[in-house]
Amino acid sequence: MDKHVVKHIFVTGGVVSSLGKGLTCSSIGMLLEHHGLRVRLQKIDPYLNIDPGTMSPYQHGEVYVLDDGAETDLDLGHYERFTHAVLDRNCNLTTGRIYQAVIEKERAGHYLGQTVQVIPHITDEIKMGIRRLATADVDVVITEIGGTVGDIEAQPFLEAARQYALEAGRGNSLFVHLTLVPYLKAAREAKTKPTQHSVGMLRQIGIQPDVLVCRTEHEQPLAQEMKDKIGLFCNIEPRAVIEERDKKNSIYEVPLSLADNGLDSLIIERLGLEQRAKPADLSAWRELVHRIKNPVAEVTIAVVGKYVQHHDAYKSIYEALDHAGTHHGFQIVLRKVQAEDVEQDGAEKSLGGVDGILVPGGFGDRGIEGKIDAITFARTRKIPFFGVCLGMQCAVIEFARNVLNLADANSTEFDANTPHPVICMLEEQLHVKDKGGTMRKGAYPCHIVPGTRAEAAYGQALVQERHRHRYEFNYRYREPFAAAGMVASGVSPTGKIVEIMEIPDHPWFLAVQFHPEFKSKPTEAHPLFREFIRAAGERREGRKEPGLVLRG
């Protein structure tokens, strides 16, 4: 077979949402990479929004930003953390984006007077979006279709996947279907009927799944007789019924579990990739999981945010903290602190006893004063502090008010008439009347100032980091800040945009305008998170915590 034929894996879900399709796709991608194959991953979201950029964190979780500035689904964060796949805006399709493209073509006369319909026009646009990823430098494209089988929103995408697989030809595509196998305590047995119904609905659409990944929370393994039953009623080989139990310790156990159940070997066989694939060496990943499961000490980090009730709102922050903890052998104990609670209850009650404080990004003025109080607590109590995006802006405001004594210093986002706009839009700094309103999104270069904590962390003079914000540090205040003890340790190539601020006379106080959490991986913790957790560990060590070991 032509070695340049790109293979496709379509991952669907049934019974309920949140089964972990994103983690399964990421794990499959990671396993195939360890077999020497080149992968790309794609998420299809059935909602009508063009992208998640305007969606509430409570509904959608974090907005994950790529190097090209695309605002995408948080599952793309899993893709990047598990694999080395290059992702761009073509890796996240939505119903809104597809329909927008079709309508624009219709208005431009592209369809030459045809009646525009879901089939073939919408499905053709979807297939075009999948085909864009099938380039000569890719062996396998993994496409995750969001939602569950039976959702009316997902039907055009499932139909497009059916058509695509038919056109690609036998042996060039594979369908993986995730279902729930619930365990009923009263009956003391797992139930396969939800899986049977889910597969039945998929087959009505015209898709016969090749592999079933069965999610179960019960501690007992899925018995062989249960796999045989599922295979019989779902028209699938029993060896293609893959058990996936909940992981108590870490999501990074998932690919090892799938490999132990033979999923990677099955995929390679079904897609005819034996000639391209090499034996996989998972020893480094197994060592990673061993370190995660066997920490030498606990380090407590307070995350003071606006959306802490919803774990996915700061998903990449929490993952980056865990990556840094694993690097040093620590178990990160998260203390999720609502910023408004700091305002009401005081910093001591909310933050007392923590080893480090992190203030993440966000928009709007709710909880800002609580974040500023938390930063004052970190600065004055010498507690390691890390500010990210809005967290940096709050750190600047706090320093201006309490060290420079600039009363009412603020961001023009929160007070347009502040006498000391230490945070503002670039247009405001340049006295431009038209303030635009667009955000700075995607990867931008940052020059690291020699002799700073930032340089000690990065170990290089130029880095690329991802942004998603409108407001910046007002560079007209740079000299007064430096004179008072807060210095710019990372700047844009022109020197006009401040990217990193730090306080040298502090155990570890550093804040960044960008989002470093998007560049962290379990196998390679981001340098700033790594050093923040190092400082938090040293604070813990100062409390005579036994067994604490810091890695380089």
Do [X] and [Y] have a side chain donor and acceptor closer than 3.5 Å?
X    : Y    : answer
R81  : S316 : yes
E144 : Y79  : yes
H526 : E465 : yes
H34  : D281 : no
D45  : N92  : yes

Looking only at heavy atoms, what is the nearest atom pair of L76 and C91, with distance? CD2-O, 3.9 Å
Check V6 against V138 and note the closest heavy-atom contact, atom names and distance. CG2-O, 3.4 Å
Contacts of H515 that satisfy ring pair (Phe, Tyr, Trp, His ring centres under 6.0 Å) - sequence neighbours left out: F518
Please name all residues satisfying ring pair (Phe, Tyr, Trp, His ring centres under 6.0 Å) with Y47, sequence neighbours left out, ordered by chain then number. H60
Any residue meeting salt bridge (charged side-chain N to carboxylate O under 4.0 Å, His left out) with R379, in chain and number order, not counting sequence neighbours: E398
In this structure, CD1 of I397 is separated from CD1 of I368 (nearest 0.5 Å) by 6.5 Å
Who are the side-chain contact (heavy atoms from CB on, under 4.5 Å) partners of [X], not counting sequence neighbours?
X    : value
S27  : F82, V254, P255, L258
T452 : I448, V449, A454, E455, S489, E502
V16  : L19, L180
Y444 : R440, H467

According to the interplanar angle, ranging from 0 to 90°, do the rings of F509 and F385 count as parallel (below 30°), tilted (30 to 60°) or perpendicular (above 60°)? tilted
Angle class for the Y252/W285 ring planes (parallel below 30°, perpendicular above 60°, tilted otherwise)? perpendicular
Under the side chain to side chain donor-acceptor pair (under 3.5 Å) test, which residues partner [X], sequence neighbours left out?
X    : answer
S492 : T494
R453 : none
D68  : none
K336 : H311

Identify each donor-acceptor pair in which a side-chain atom of residues 301-308 lies under 3.5 Å from a protein atom, sequence neighbours left out, and give them as a table.
residue, atom, partner, partner atom, Å
K306, NZ, F363, O, 2.2
K306, NZ, G364, O, 3.0

F481 and N474: side chain to side chain contact (heavy atoms under 4.5 Å, CB included), yes or no, with the steps? CA-CA 11 Å; F481 268 75; N474 190 336; over 6 Å; no
Taking atom [atom1] of [X] as the centre, report whether more than 12 heavy atoms of other residues, nucleotides or ligands fall under 6.0 Å from it.
X    : atom1 : answer
Q309 : CD    : yes
Q464 : CD    : yes
D505 : CG    : no

E253 side chain vs S250 backbone, donor-acceptor pair below 3.5 Å: yes
